[in-house]
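The structure under discussion appears below in the form of structure tokens.
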Amino acid sequence: MQLFKQLFKKKQARLGIDIGSSAVKVIQLDCVRNGYRVAAYAIEPLNPGSVQDKNIVDQETVAAAIVRALGKARTKLRHAVLAVPGSATVSRVISVPGSLKELELEETIKLEADSHIPYPIDEVSLDFEVIGETASNPENVDVLVVATRSENVESRVAVCELAGLTTDIVDVESFAVENVYKQMIAPTLSEAERTLPVALLDIGANTTAIHVFNSDGIIHTREHDFGGRLLTEEIARHYEITTEEASRKQRSGDFPEDYTRRVLQPFIDTAAIQIERFIQFYYSAGQGGNIGLLLIGGGTANIPGLIERIAKETGIPAKLANPFTNTQRASSVSA
């Protein structure tokens, strides 16, 4: 749980590495006077099955993909920042005496964590951060404790080592998304758009993560089983081709005349209905007010007509989630 700005000190330049189920992504952001600049970027597809349910199955294949991405990005940096999936972590807010010194606080957190975390304490990696005074007891402080099984951290660190990288920071995906929202997306929204909670939906290959923010930060986060791979599989089924061939057609746009009517539009309709269901799940949890804006991200968000269909289905204004709206880029980075 690192402060966002600390990642960009010149003496501590690092690469962001995102290991997804369908691809690995590499990015280098430089902190400049008016915000951030993309200094290097690359995306490299992964072989199907290399990462399953957010778990790295084939470390060598994933490491090879990172190496290829580093080559495409043409970056010399070899220190990395990673994140573990929010679904693989447990977070709790506990209250402890505010008078504790640093070492005493660490020992107290370890003792308290044992009763709050559903894993053996010797099998987890954990971190904590003091978030403020306890409302009901001013002599105590609230501490956010986050833990994950050590294997979730170790597998990602091992992959980076195979790719020749040193891992400096391992964060949690939902915290990373919150940092991006606060630092890079929220400033591009109007004051009216930020009045009501904003939902950021990241449609991945296999899952869609929904994060809801209010003025104080993230108030809801959850992953649902739905992603763009369903479209790839439907293309393969409809045209009786392999999923690899279907993926190539999606990149090239080489489809028969009936593609939009028979395959694409039904998927768009399904996606809109699914997102409406995810929003209703948020409402049923009773964690915040009515959503005033939907931000749709992930590669699937680029499908023509999808965002408009989602807005119609949900009755909520929707637009593309683009953290790079006000971000500069190096001349070597393709727009």
Quiz item: So Phe267 and Leu230, side chain to side chain contact (heavy atoms under 4.5 Å, CB included) or not? Walk me through it.
Solution: CA-CA 8 Å; Phe267 172 79; Leu230 290 177; 4.1 Å; yes
Quiz item: How far apart are the C-alpha atoms of Arg277 and Gln280, what are their side-chain angles, what is the distance that settles it, and do they pass the side-chain hydrogen bond (donor to acceptor under 3.5 Å, both in side chains) test?
Solution: CA-CA 5 Å; Arg277 185 171 68 85; Gln280 291 306 317; over 6 Å; no
Quiz item: Is the gap between the ring centers of His224 and Phe281 under 6.0 Å?
Solution: yes
Practice problem: Let me see the working for Asp18 and Leu82 under side chain to side chain contact (heavy atoms under 4.5 Å, CB included), right down to the final yes or no. | Solution: CA-CA 7 Å; Asp18 176 37; Leu82 306 171; over 6 Å; no
Quiz item: Is the closest side-chain heavy-atom distance between Ser150 and Glu123 below 4.5 Å?
Solution: no
Practice problem: Please examine the side chains of His220 and Ile210, heavy atoms only from C-beta on, and report whether any two atoms are closer than 4.5 Å. | Solution: yes
Practice problem: To the nearest 0.5 angstrom, please state how far the CG atom of Leu126 sits from the CG atom of Asp114. | Solution: 10.0 Å
Self-check item: Nearest-0.5 Å distance, CD of residue Gln52 to OG of residue Ser50
Solution: 8.5 Å
Exercise. Please report the closest heavy-atom contact between Leu196 and Asn290, naming both atoms and the distance.
Key: CB-O, 3.7 Å
Quiz item: Any link between Val177 and Phe226 through a network of hydrophobic side chains (Ile, Leu, Val, Met, Phe, Trp, Tyr) touching at under 4.5 Å?
Solution: no
Quiz item: Between Gly292 and Pro317, what is the shortest heavy-atom contact and its length?
Solution: O-CD, 3.6 Å
Exercise. Mind listing the closest non-hydrogen atom pair of Ala83 and Arg156 along with its distance?
Key: O-NE, 3.5 Å
Quiz item: Quick one: do Arg92 and Glu112 make a salt bridge, cutoff under 4.0 Å?
Solution: no
Practice problem: State, to 0.1 Å, how close Ala69 and Glu44 come at their nearest heavy-atom pair, and which atoms those are. | Solution: CB-CB, 4.0 Å
Quiz prompt | Non-hydrogen side-chain atoms of Val96 and Asn140 separated by less than 4.5 Å | solution = no
Quiz item: Is Asp122 atom CG crowded by more than 12 heavy atoms from other residues, nucleotides or ligands, each under 6.0 Å away?
Solution: yes
Exercise. Mind jotting down which residue pairs meet the side-chain hydrogen bond (donor to acceptor under 3.5 Å, both in side chains) criterion with at least one end in residues 296-308? Sequence neighbours excluded, please.
Key: none
Quiz item: Salt bridge check: are Glu191 and Arg194 linked by an N-O gap of less than 4.0 Å?
Solution: no
Quiz item: Should Pro323 and Tyr36 count as side-chain neighbours, where that means a heavy-atom distance under 4.5 Å?
Solution: no
Self-check item: Glu193 side chain vs Ser190 backbone, donor-acceptor pair below 3.5 Å
Solution: yes
Exercise. Look only at the side chain of Asp53 and the backbone of Asn55, and say whether a donor-acceptor pair between them is shorter than 3.5 Å.
Key: no
Practice problem: Tell me, yes or no, whether the heavy-atom count around Lys319 atom NZ, taken from other residues, nucleotides or ligands under 6.0 Å, exceeds 12. | Solution: yes
Quiz prompt | salt bridge (Lys or Arg N to Asp or Glu O under 4.0 Å) between Lys54 and Glu173, worked out | solution = CA-CA 11 Å; Lys54 303 281 186 161; Glu173 285 182 1; 3.6 Å; yes
Quiz prompt | Identified salt bridge (charged side-chain N to carboxylate O under 4.0 Å, His left out) partner of Arg237 from the options Glu233, Glu240, Glu234 | solution = Glu234
Quiz prompt | Pairwise distance CD1(Ile307) to CG(Leu294) - rounded to 0.5 angstrom | solution = 10.0 Å
Quiz item: Should Leu201 and Leu306 be counted in the same cluster of Ile, Leu, Val, Met, Phe, Trp and Tyr side chains packed under 4.5 Å apart?
Solution: yes
Exercise. Check whether more than 12 heavy atoms from other residues, nucleotides or ligands sit under 6.0 Å from atom CG of Asp269, and answer yes or no.
Key: yes
Quiz item: What's the spacing between Ile275 CD1 and Ile310 CD1 if we round to 0.5 Å?
Solution: 3.5 Å
Quiz item: For Tyr239 and Asp258, does a side-chain donor sit closer than 3.5 Å to a side-chain acceptor?
Solution: yes
Quiz item: Of all heavy-atom pairs between Gln59 and Ala158, which one has the smallest distance, and what is that distance?
Solution: OE1-CB, 3.7 Å
Quiz item: Taking NZ, NE, NH1 and NH2 as the nitrogens, is one of them in Glu245 or Lys249 under 4.0 Å from a carboxylate oxygen of the other?
Solution: no
Quiz item: With no hydrogens and no angle check, is any side-chain donor or acceptor of Glu178 less than 3.5 Å from a backbone partner on Ile218?
Solution: yes
Quiz item: Is there a path from Phe213 to Ile219 through hydrophobic residues (I, L, V, M, F, W, Y) whose side chains come within less than 4.5 Å of each other?
Solution: no
Exercise. Establish whether Leu165 and Val157 are linked, either directly or via other cluster members, by ILVMFWY side-chain heavy-atom contacts under 4.5 Å.
Key: no
Quiz item: Is there a side-chain contact between Glu244 and Pro48, using heavy atoms and a 4.5 Å cut-off?
Solution: yes
Quiz item: Could you state the interatomic distance from CD (Glu139) to OG (Ser95), rounded to the nearest 0.5 Å?
Solution: 10.5 Å
Quiz item: Ile66, Ile56: one ILVMFWY side-chain cluster at the under-4.5 Å cut-off?
Solution: yes
Practice problem: Output yes when a side-chain donor or acceptor of Arg78 lies under 3.5 Å from a complementary backbone atom of Thr75, and no otherwise. | Solution: yes
Quiz item: Does the pair Gln328 and Asp30 meet the rule for a side chain to side chain contact (heavy atoms under 4.5 Å, CB included), with working shown?
Solution: CA-CA 9 Å; Gln328 302 174 38; Asp30 291 342; over 6 Å; no
Quiz item: Taking it one step at a time, do Val130 and Asp142 satisfy side chain to side chain contact (heavy atoms under 4.5 Å, CB included)?
Solution: CA-CA 6 Å; Val130 177; Asp142 286 337; over 6 Å; no
Quiz item: Does Glu257 pair with Arg262 as a salt bridge, N-O distance under 4.0 Å?
Solution: no
Self-check item: Inter-residue atom distance Ser91.OG - Asp127.CG, 0.5 Å rounding
Solution: 12.5 Å
Quiz item: For Val67, what are the other residues in its hydrophobic cluster, where any two members join if their side-chain heavy atoms are less than 4.5 angstrom apart?
Solution: none
Quiz item: Is Asn214 reaching over with its side chain to a backbone N or O of Gly217, donor-acceptor style, under 3.5 angstrom?
Solution: yes
Exercise. May I ask you to decide if Ile316's main-chain N or O and Thr314's side chain share a donor-acceptor pair within less than 3.5 Å?
Key: yes
Exercise. May I ask you to test the Val145-His116 pair for a side-chain heavy-atom distance under 4.5 Å?
Key: no
Exercise. May I have the step-by-step check of side-chain hydrogen bond (donor to acceptor under 3.5 Å, both in side chains) for Ser21 and Asn206, ending in yes or no?
Key: CA-CA 7 Å; Ser21 58; Asn206 297 314; 3.0 Å; yes
Quiz prompt | Arg74, CZ atom: more than 12 neighbouring heavy atoms under 6.0 Å | solution = no
Quiz item: Would you call Val81 and Ile17 a side-chain contact if the rule is heavy atoms closer than 4.5 Å?
Solution: no
Quiz item: Which pair of heavy atoms, one from Ile43 and one from Lys72, lies closest together, and at what distance?
Solution: O-NZ, 3.8 Å
Quiz item: Are Ile279 and Ile291 side-chain neighbours, meaning at least one heavy-atom pair lies under 4.5 Å?
Solution: yes
